[in-house]
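Inspection log for the structure reproduced underneath, given as structure tokens.
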Amino acid sequence: MFKKILIANRGEIALRVVRACREMGIASVAVHSTADSDAMHVRMADEAVCIGPPPSNQSYLSVPALISACEITGAEAIHPGYGFLSENANFVQVVEDHDLTFIGPSAAHIRMMGDKITAKETMKALGVPCVPGSDGGVPDLATARTVAAEIGFPVIVKATAGGGGRGMKLAETAADLDIAFQTARSEAKSAFGNDEVYLEKYLGQPRHIEVQVFGDGKGGAIHLGERDCSLQRRHQKVLEEAPGPAIDEETRARIGKVCADAIAQIKYSGAGTIEFLFENGEFYFIEMNTRLQVEHPVTEAVFGVDLVREQIRVAAGLPLSVTQDELRVNGHAIEVRINAERLPDFAPCPGRISAYHAPGGLGVRMDSALYNGYSIPPYYDSLIAKLIVHGRDRPEALARLQRALGELIVDGIDTTVPLFSALLEEPDILTGNYDIHWLEEWLKTKRA
Ligand code: ADP
């Protein structure tokens with residue numbers, strides 16, 4: 001096992017990894033920009049190294065600074081968290097070239113899934129159901145027209161290199177295709193430096209269901225059920241739950257097995273998430289994320305497995321500590337993402353926290369790097385806390401969420417907490433009756 005791990009991240013996820021390391025008897029090294037000298041992850045880790053100025057591309061994304069920090073501190077492995085360099089195959093290559101271990105999948109697997117067309121072709125060949133669409137990239141408008149006519153409108157034009165909901169354009173009818181195709185391409189070009197796009201059938205009322213998988217890198221793999229992440233704003237997740245309200249045990253076992261078998265066949269190593277749209281009882285693969293997800297705690301809650309611990313074990317060449325047969329869903333968990341944002345327009349709202357009190361009690365987990373007097377720097381993501389509740393069933397989890405939100409105090413800045421209090425009044429949320437468009441529609445009615 002590793003003696004020392006460097007965490008190439010900040011905020012709550014860096015803290016999350018520090019905690020796993022400490023329980024495993026592994027020393028942790030935090031890295032930070034000059035804007036984060038007083039951050040909680042710096043205080044909680046065993047050691048800390050300043051790696052550069054505030055802008056991410058000069059600090060958290062600086063590969064030479066991270067490698068030097070490993071050399072200075074004697075860290076043997078790097079945990080990337082999510083975001084930043086977590087899905088950067090070139091970074092993985094550099095890490096390995098320096099005889100360090102990347103806690104995550106191989107560069108080849110990251111590359112395979114990072115390109116959405118390759119990912120889709122691979123998954124299709126492995127027996128994973130995909131959204132009907134073009135075979136590969138669509139080079140020009142004429143081809144787009146032919147493909148769209150075959151699959152039928154509405155269609156969505158998506159960037160091969162896409163991420164974060166960018167480079168995606170809907171064409172309701174043939175008349176919209178021209179503009180959708182051109183704008184998706186130019187958006188993709190400017191956001192990702194790659195203007196390749198592909199076409200998919202647009203699903204009208206799907207849920208976003210993702211399956212948590214874990215591979216041991218030697219052809220063994222397990223799944224840890226699904227998460228429903230349909231509540232989204234601008235294609236960004238806002239609330240996640242496990243198990244999915246629309247998924248029964250038989251369906252979970254079936255899609256879980258398809259996913260675990262697929263990653264076993266490619267000898268995938270570490271944590272991964274296979275994302276689907278789910279409509280009329282059918283699953284349609286959209287993409288695979290080759291890292292730990294923001295919303296991993298809901299899975300940890302219902303399965304009682306520490307996913308970061310498993311990531312570290314697999315990276316160290318040890319077997320997974322659980323088998324598929326031992327895994328059972330226990331109760332229900334919900335996570336809400338609390339952002340430093342001002343409602344109703346979700347404008348980023350960094351600043352100084354004048355008072356902070358985290359909720360507690362049975363079934364409440366608060367993953368946050370906040371503390372009294374902390375100043376949230378304006379340079380990074382606006383996520384400041386994840387509140388995760390676990391109950392014996394969904395109604396108990398919902399009641400617990402309401403109770404926990406009531407205990408939480410974050411003074412001095414605006415947060416998205418009022419959004420969740422309002423959502424807990426909605427019958428559709430209480431019954432779990434929502435699809436990926438529900439939140440945007442609801443926000444429109446609130447603004448009107
Ligand atoms: P990104 O990597 O940019 O997040 P995804 O492919 O994961 O892109 O899609 C993000 C979101 O966009 C999905 O969760 C869903 O809300 C919507 N979406 C993507 N593909 C389709 C589709 N074929 N039909 C309907 N909605 C889609």
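All heavy atoms count here, side chains included; hydrogens, waters and symmetry mates do not. For ligands, and for the atoms within them, numbers begin at 1 and follow the listed sequence. If you read the sequence from its start, that first residue is 1, and numbering goes on from there.
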In a table with atom names and distances, give each donor-acceptor pair under 3.5 Å that connects a side chain of residues 298-306 to protein atoms at least two apart or in another chain.
residue	atom	partner	partner atom	Å
Thr299	OG1	Arg227	NH1	2.7
Glu300	OE1	Arg365	NH1	2.8
Glu300	OE1	Arg365	NH2	3.2
Glu300	OE2	Arg16	NH2	2.8
Glu300	OE2	Leu307	N	2.7
Asp306	OD1	Arg16	NH2	2.7
Asp306	OD1	Val308	N	3.0
Asp306	OD1	Arg309	N	2.9

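- Among protein heavy atoms, the minimum distance from atom 13 (C) of ligand 1 is reached at Ile286 CD1, 3.9 Å.
- Those atoms of ligand 1 with a heavy atom of Glu275 less than 4.0 angstrom away are 7 (O).
- Close contacts of ligand 1 with Tyr202, meaning ligand atoms under 4.0 Å from a residue heavy atom, involve 24 (N), 25 (C), 26 (N).
- The protein atom (non-hydrogen) at minimum distance from atom 3 (O) of ligand 1 is Gly165 N, 2.5 Å.
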When you look at Ser382 and Glu341, which way does the side-chain hydrogen bond (donor to acceptor under 3.5 Å, both in side chains) test go after all the steps?
-> CA-CA 7 Å; Ser382 60; Glu341 287 170 356; 2.7 Å; yes
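- For residues 102-119, the set of pairs meeting the salt bridge (Lys or Arg N to Asp or Glu O under 4.0 Å) definition, not counting sequence neighbours, comprises Lys116-Glu287.
- Ring planes of His41 and Tyr60: tilted class, angle from 30 to 60°.
- Residues Ile247 and Arg207 form no side-chain contact, since every pair of their non-hydrogen atoms from C-beta on lies 4.5 Å or further apart.
- Asp228 and Ser230 are linked by a side-chain donor-acceptor pair at a separation below 3.5 angstrom, with hydrogens and angles left out of the test.
- Within the listing of ligand 1, atoms 1 (P), 2 (O), 4 (O), 5 (P), 7 (O) sit less than 4.0 angstrom from a heavy atom of Glu287.
- Looking only at protein heavy atoms, the nearest one to atom 11 (C) of ligand 1 is His235 ND1, 3.5 Å.
- On a distance-only criterion, Met168 and ligand 1 share no N/O pair closer than 3.5 Å.
- Among all non-hydrogen protein atoms, the one lying nearest atom 24 (N) of ligand 1 is Leu203 N, 3.0 Å.
- Scanning Leu277, Ile436, Asp435 for the heavy atom closest to atom 22 (C) of ligand 1 points to Leu277.
- By the 6.0 Å contact criterion, CD1 on Ile179 is open, its count of non-hydrogen atoms from other residues, nucleotides or ligands being 12 or less.
- Using cut-offs of 30° and 60° for the angle between ring planes, the Tyr380 and Phe84 rings count as perpendicular.
- Counting atoms of ligand 1 from 1 in the listed order, those under 4.0 Å from a heavy atom of His208 are 14 (O).
- Side-chain N/O atoms of Gln324 and His223 include a donor and acceptor closer than 3.5 Å.
- Those atoms of ligand 1 with a heavy atom of Lys116 less than 4.0 angstrom away are 1 (P), 2 (O), 3 (O), 5 (P), 6 (O), 8 (O).
- For atom 20 (N) of ligand 1, the candidate residues are Lys158, Lys237, Glu210; the nearest heavy-atom contact is made by Lys158.
- Close approach of ligand 1 to Gln232 (heavy-atom distance below 4.0 Å) involves ligand atoms 14 (O), 16 (O).
- Each of the following atoms of ligand 1 lies closer than 4.0 Å to a heavy atom of Ile156: 22 (C), 23 (N).
- By the 4.0 Å heavy-atom criterion, His437 is excluded from the residues contacting ligand 1.
- Rounding to the nearest 0.5 Å places NZ of Lys169 at 13.0 Å from CD of Gln182.
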